[in-house]
K.L.:
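What follows is a single structure, and I will ask about it in a moment.
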Amino acid sequence: SVMLVGSATLLLRSYYNLTMVERGFDPDGVMTFHVAAGWSEDRYRVALLQTQLLSELSELPHVQAAGMTNFLPAPGGSLRYSVRVSGLTGPNADGSITVGMRSVTEGYLRAIRAPLVAGSYCPALRMEDKSRLVMINRRFVDVHAPNQDLVGRTITLAQESHTIVGVLGTMAEDGPAVSPVPFTYTCVQAGWWPDPEYVVRTADARALAADLRQIVNRIDAKRAIFGLRPLG
């Protein structure tokens with residue numbers, strides 16, 4: 001019996017380590033969900049909802065981090081854009097670089113334990129903050145700027161200039177079966193996306209579900225919560 005238990009433990013640990021290697025982030029203990037909000041709503045009101053919700057979730061004793069993103073890592077779940085980086089000439093005919101893109105908050109990166117390679121994570125931006133900041137992944141550096149430090153460089157995406165604040169380890173944004181591509185992670189504040197993917201790292205998923213309902217009911221009882229599930 002002892003041998004069987006030991007073997008099972010080693011098997012689970014090996015599976016967990018393999019998952020980490022394939023994905024590049026840690027989904028274990030992470031829950032995701034939606035709180036209903038519409039694009040036609042007042043964006044400031046939505047921002048207040050998101051700010052208060054994340055603040056109260058982060059204060060729960062069983063929660064380690066809470067944040068938001070527009071899309072979760074998933075097969076076929078990545079948008080593609082062309083960007084330009086100061087001092088670099090990309091492979092596209094116009095000198096641009098094709099990348100995948102996510103919009104993220106600091107809490108999201110910490111919730112999935114996104115590995116930081118250089119620089120810093122996205123800062124915790126306030127609603128009124130107009131800073132345009134972005135992170136890139138290691139794959140971006142390896143393909144387009146090997147042995148170069150891109151932190152502090154200007155990157156132009158969606159016709160707006162952003163400052164690169166950090167480099168993340170390469171994560172399987174399109175699923176473990178797809179070769180990773182250069183990626184950018186735009187640092188955003190509450191209200192930029194009315195119906196984001198909320199992502200929470202918790203030690204107690206059942207307690208989170210109960211606390212989440214209470215918090216949302218207290219903030220705005222008319223809001224629906226849906227899609228609560230483990231990230232993994």
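When a residue number appears, it is its place in the shown sequence, counting from 1.
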K.L.:
For Arg223, enumerate each residue passing the salt bridge (charged side-chain N to carboxylate O under 4.0 Å, His left out) test, keeping only those at least two apart in sequence or located in another chain.
P.N.:
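Testing Arg223 for salt bridge (charged side-chain N to carboxylate O under 4.0 Å, His left out), a comparison that skips the adjacent residues, returns Glu41, Asp220.
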K.L.:
Mark yes or no for whether Ser86, through its side chain, and Thr154, through its backbone, hold a donor-acceptor pair below 3.5 Å.
P.N.:
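Yes.
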K.L.:
Quick one: closest heavy-atom pair of Ala66 and Val200, and the distance?
P.N.:
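Heavy atoms only, the tightest pair is CB-CG2, 3.9 Å.
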K.L.:
Less than 3.5 Å apart, which donor and acceptor atoms pair up between the side chains of residues 160-167 and the rest of the protein, not counting sequence neighbours?
P.N.:
unit_1 : atom_1 : unit_2 : atom_2 : d
Glu160 : OE1    : Arg132 : NE     : 3.2
Glu160 : OE2    : Arg132 : NH2    : 3.4
His162 : ND1    : Glu160 : O      : 3.1

K.L.:
For the atom pair CG (Asp26) and CD1 (Ile112), what is the distance rounded to the nearest 0.5 Å?
P.N.:
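Reported to 0.5 Å precision, the distance equals 9.5 Å.
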K.L.:
Looking at Ala114, is its backbone amide N or carbonyl O close enough to the side chain of Tyr121 to form a donor-acceptor pair, meaning the two atoms are under 3.5 Å apart?
P.N.:
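Yes, because the side chain of Tyr121 sits within donor-acceptor range (under 3.5 Å) of the backbone of Ala114.
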K.L.:
Without placing hydrogens or testing angles, list every side-chain donor-acceptor pair under 3.5 Å for residues 141-148, not counting sequence neighbours.
P.N.:
unit_1 : atom_1 : unit_2 : atom_2 : d
Asp142 : OD1    : Arg138 : NE     : 3.1
Gln148 : OE1    : Arg153 : NH2    : 2.9

K.L.:
Do you reckon Trp193 sits in the same ILVMFWY cluster as Met101, going by side-chain contacts under 4.5 Å, direct or chained?
P.N.:
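Yes, because Trp193 and Met101 connect within a single hydrophobic cluster, where side-chain heavy atoms sit under 4.5 Å apart.
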K.L.:
When you group the ILVMFWY residues by side-chain heavy-atom contacts below 4.5 Å and let the links chain together, are Leu57 and Val30 in the same group?
P.N.:
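No: no chain of side-chain contacts under 4.5 Å links Val30 to Leu57.
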K.L.:
Hey, is CZ on Arg218 packed in by over 12 heavy atoms from elsewhere, all under 6.0 Å?
P.N.:
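Yes, the 6.0 Å shell around CZ holds more than 12 heavy atoms from other groups.
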K.L.:
On a heavy-atom basis, which atom in Arg84 and which in Gly95 lie closest, and how many Å separate them?
P.N.:
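Closest approach of Arg84 to Gly95, heavy atoms only: NH1-C, 4.1 Å.
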K.L.:
Examine distances only and state if a side-chain atom of Arg43 and a backbone atom of Trp192 form a donor-acceptor pair shorter than 3.5 Å.
P.N.:
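Yes: the side chain of Arg43 pairs with the backbone of Trp192.
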K.L.:
Return the orientation label for the Phe226 and His34 ring planes: parallel under 30°, perpendicular over 60°, tilted otherwise.
P.N.:
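Judged by the thresholds at 30° and 60°, the geometry between Phe226 and His34 is parallel.
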K.L.:
How are the rings of Tyr198 and Phe33 set to each other: parallel, tilted or perpendicular (split at 30° and 60°)?
P.N.:
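Taking Phe33 first and then Tyr198, their aromatic rings lie parallel (interplane angle under 30°).
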K.L.:
Distance-only, no hydrogens or angles: does the Thr170 side chain make a donor-acceptor pair with backbone N or O of Arg139 under 3.5 Å?
P.N.:
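The answer is yes, because a donor-acceptor pair under 3.5 Å joins these two groups.
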K.L.:
For a side chain to side chain contact (heavy atoms under 4.5 Å, CB included) check, start with the C-alpha distance between Val35 and Gln50, then their side-chain angles and the critical distance, and finish with the verdict.
P.N.:
CA-CA 9 Å; Val35 176; Gln50 295 174 351; over 6 Å; no
K.L.:
Can a donor-acceptor pair be found, under 3.5 Å and without considering hydrogens, that links the side chain of Ser103 to the backbone of Thr186?
P.N.:
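Such a contact is absent between Ser103 side chain and Thr186 backbone.
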K.L.:
Nearest 0.5 Å, please: how far is CD in Gln64 from CZ in Arg110?
P.N.:
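Arg110 CZ to Gln64 CD: 13.0 Å, rounded to 0.5 Å.
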K.L.:
What are the two closest non-hydrogen atoms of Ala111 and Arg201, and how far apart are they?
P.N.:
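It is O-NE, 2.7 Å.
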K.L.:
Not counting sequence neighbours, which residues clear salt bridge (charged side-chain N to carboxylate O under 4.0 Å, His left out) with Asp42? List them please.
P.N.:
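With sequence neighbours excluded, Asp42 shows a salt bridge (charged side-chain N to carboxylate O under 4.0 Å, His left out) to no residue whatsoever.
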K.L.:
Side chains of Val188 and Met68: closer than 4.5 Å at any heavy-atom pair?
P.N.:
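The answer is no; the side chains never approach within 4.5 Å.
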K.L.:
Quick one: closest heavy-atom pair of Glu106 and Ala124, and the distance?
P.N.:
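Minimum heavy-atom separation between Glu106 and Ala124: OE1-CB, 3.4 Å.
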K.L.:
Evaluate the salt bridge (charged side-chain N to carboxylate O under 4.0 Å, His left out) criterion for residues Arg113 and Asp28: first the C-alpha distance (whole Å), next the side-chain angles of each, then the deciding distance (0.1 Å), finally the verdict.
P.N.:
CA-CA 10 Å; Arg113 293 177 178 167; Asp28 188 48; over 6 Å; no
K.L.:
Pair up each side-chain donor or acceptor in residues 208-217 with any protein partner under 3.5 Å, not counting sequence neighbours, and list the distances.
P.N.:
unit_1 : atom_1 : unit_2 : atom_2 : d
Asp211 : OD2    : His62  : NE2    : 2.7
Asn217 : ND2    : Arg213 : O      : 3.1

K.L.:
Backbone N or O of Gly100 within a donor-acceptor pair of the Glu173 side chain at under 3.5 Å?
P.N.:
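No, Glu173 side chain to Gly100 backbone: no donor-acceptor pair under 3.5 Å.
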K.L.:
Mind checking the CE-CG spacing from Met31 to Asp204? Nearest 0.5 Å is all I need.
P.N.:
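One gets 10.0 Å once the value is rounded to the nearest 0.5 Å.
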K.L.:
Would you indicate whether the side-chain heavy atoms of Pro75 and Val178 approach each other to under 4.5 Å?
P.N.:
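No - every pair of side-chain heavy atoms lies 4.5 Å or more apart.
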K.L.:
So, the side chain of Asn137 versus the backbone of Val181: is there a donor-acceptor pair under 3.5 Å, distance only?
P.N.:
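Confirmed, Asn137 side chain pairs with Val181 backbone.
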K.L.:
If hydrophobic clusters are built from ILVMFWY residues whose side chains come within less than 4.5 Å, do Val104 and Phe140 share one?
P.N.:
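Hydrophobic grouping puts Val104 apart from Phe140.
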K.L.:
Could you give the distance from CG (Leu53) to CD1 (Ile225), rounded to the nearest 0.5 Å?
P.N.:
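These two atoms lie 8.0 Å from each other.
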K.L.:
According to a hydrophobic-cluster definition based on side-chain heavy atoms being under 4.5 Å apart (Ile, Leu, Val, Met, Phe, Trp, Tyr only), do Val63 and Leu228 belong together?
P.N.:
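Yes, Val63 and Leu228 fall within the same hydrophobic cluster.
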K.L.:
Can you tell me which residue pairs pass the side chain to side chain donor-acceptor pair (under 3.5 Å) test with a partner in residues 87-97, sequence neighbours excluded?
P.N.:
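Listed by first then second residue: Asn92-Ser96, Asn92-Thr98, Asp94-Ser96.
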K.L.:
Heavy-atom distance under 4.5 Å between the side chains of Pro73 and Arg23, does that happen here?
P.N.:
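No, every pair of side-chain atoms sits at 4.5 Å or beyond.
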K.L.:
Is the backbone N or O of Phe71 less than 3.5 Å from a side-chain atom of Arg102, with the two atoms forming a donor-acceptor pair by type?
P.N.:
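Here the side-chain-to-backbone pair exists.
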K.L.:
Roughly how far apart are Leu157 CG and Ile97 CD1, rounded to 0.5 Å?
P.N.:
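Here the interatomic distance stands at 11.5 Å.
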K.L.:
Any side-chain to backbone donor/acceptor pair from Glu197 onto Thr69? Under 3.5 Å, distance only.
P.N.:
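Checked: no pair found.
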K.L.:
Can you tell me if CZ on Arg80 sees more than 12 non-hydrogen neighbours from other groups inside 6.0 Å?
P.N.:
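Atom CZ in Arg80 is packed in, count exceeds 12.
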K.L.:
For Leu133 versus Pro123, what's the shortest heavy-atom pair and its separation?
P.N.:
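Closest pair (atom of Leu133, atom of Pro123, distance): CD1-CG, 3.5 Å.
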K.L.:
Does the Thr51 side chain pair with the main chain of Ala47, one donor and one acceptor, at a distance under 3.5 Å?
P.N.:
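Yes, Thr51 side chain to Ala47 backbone: donor-acceptor pair under 3.5 Å.
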K.L.:
Under a single-linkage definition using a 4.5 Å side-chain heavy-atom cutoff for Ile, Leu, Val, Met, Phe, Trp and Tyr, are Val151 and Tyr185 assigned to the same hydrophobic cluster?
P.N.:
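Different clusters.
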K.L.:
Out of curiosity, Asp195 CG to Trp39 CH2, how far, rounded to the nearest 0.5 Å?
P.N.:
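With rounding to 0.5 Å, CG (Asp195) is 8.5 Å from CH2 (Trp39).
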